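Reviewing the structure listed below.
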Amino acid sequence: MCSFRGLLMELFDAIASRSTAKGLSEPGPTAEQLERLLQAAAHAPDHGRLKPWRFIAVNGAARESFANAVAEARRDQIPTFSDEQMELEREKIRRSPSILVAGCAVRKDIAKVPEIEQVIAVGAAVENLLLAANDLGYGVMWKTGPAAYSARVKAVVGLAADDHIVAILHLGTKVK
Ligand SMILES: Cc1cc2nc3c(=O)[nH]c(=O)nc-3n(C[C@H](O)[C@H](O)[C@H](O)COP(=O)(O)O)c2cc1C
């Protein structure tokens, strides 16, 4: 039987051992594991219980339109971005074993929970997810960049232009 002290040490070890994966390969988490990760994420503290997080799995058929939108977001930022550079951007998205976008669907009508607190709740949910993924043995990379601030990318994942993308999470097997 684990002692309370033992459990606490495991938690501290889990936190201390989390780090961004250096590289990712297949396989990513299974559908069942993704579900567990989302449940862990949803235990985050959340002022007003608004559950502002929206986790969107960008796998299968959804991946190509996401890859296009991410590449377009880069070209919006750097107009001289070449077709070859666009293709490299798409390829980074295509080759990811699993992508989860963590969005914040902002409720502007709840005065007691300012927008920043809603975004913070999504950040807390993402950290829960990172720790849970680490516990399942998967690596994660948290990315943002121009794609996270692009209305085009937000639209592709079903977010409004004034919602936020807090994280573009790449999950997979850690490459040593
Ligand atoms: C809000 C946020 C945005 C981030 N965006 C990026 C990013 O665009 N590219 C990237 O390589 N890392 C990004 N990171 C990951 C951090 O760079 C990473 O956690 C940091 O380098 C520390 O490394 P560690 O996770 O191994 O401790 C982001 C982290 C946060 C919290």
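Predicted model, so just to flag it, every value in this text is computed and none were measured. Whatever order the structure lists them in is the order used to number ligands and atoms, beginning at 1.
Salt bridge annotation for Asp83-Arg90: absent, with no cationic side-chain nitrogen under 4.0 angstrom from a carboxylate oxygen. Salt-bridge annotation for Asp76 and Arg152: present, with a side-chain N of the basic residue lying under 4.0 Å from a carboxylate O of the acidic one.
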Could you pull out every donor-acceptor pair under 3.5 Å between side chains of residues 37-51 and any protein atom, sequence neighbours left out?
unit_1, atom_1, unit_2, atom_2, d
Asp46, OD1, Leu50, N, 3.2
Asp46, OD2, Leu50, N, 3.0
Asp46, OD2, Lys51, N, 2.7
His47, ND1, Glu117, OE1, 2.5

Please report, to 0.1 Å, the donor-acceptor pairs under 3.5 Å made by any side chain of residues 165-174, with sequence neighbours excluded.
unit_1, atom_1, unit_2, atom_2, d
His170, ND1, Ser96, OG, 2.9
Thr173, OG1, Pro27, O, 2.7
Lys174, NZ, Asn134, OD1, 3.4

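Enumerated by chain and number, the residues approaching ligand 1 to less than 4.0 Å through a heavy atom are Arg18, Ser19, Thr20, Trp142, Lys143, Thr144, Gly145.
When only modelled atom types and interatomic distance are considered, His164 and Gln118 share no side-chain donor-acceptor pair under 3.5 Å.
Scored by the side-chain contact (heavy atoms from CB on, under 4.5 Å) test, Thr80 finds Ile78 as partners (sequence neighbours excluded).
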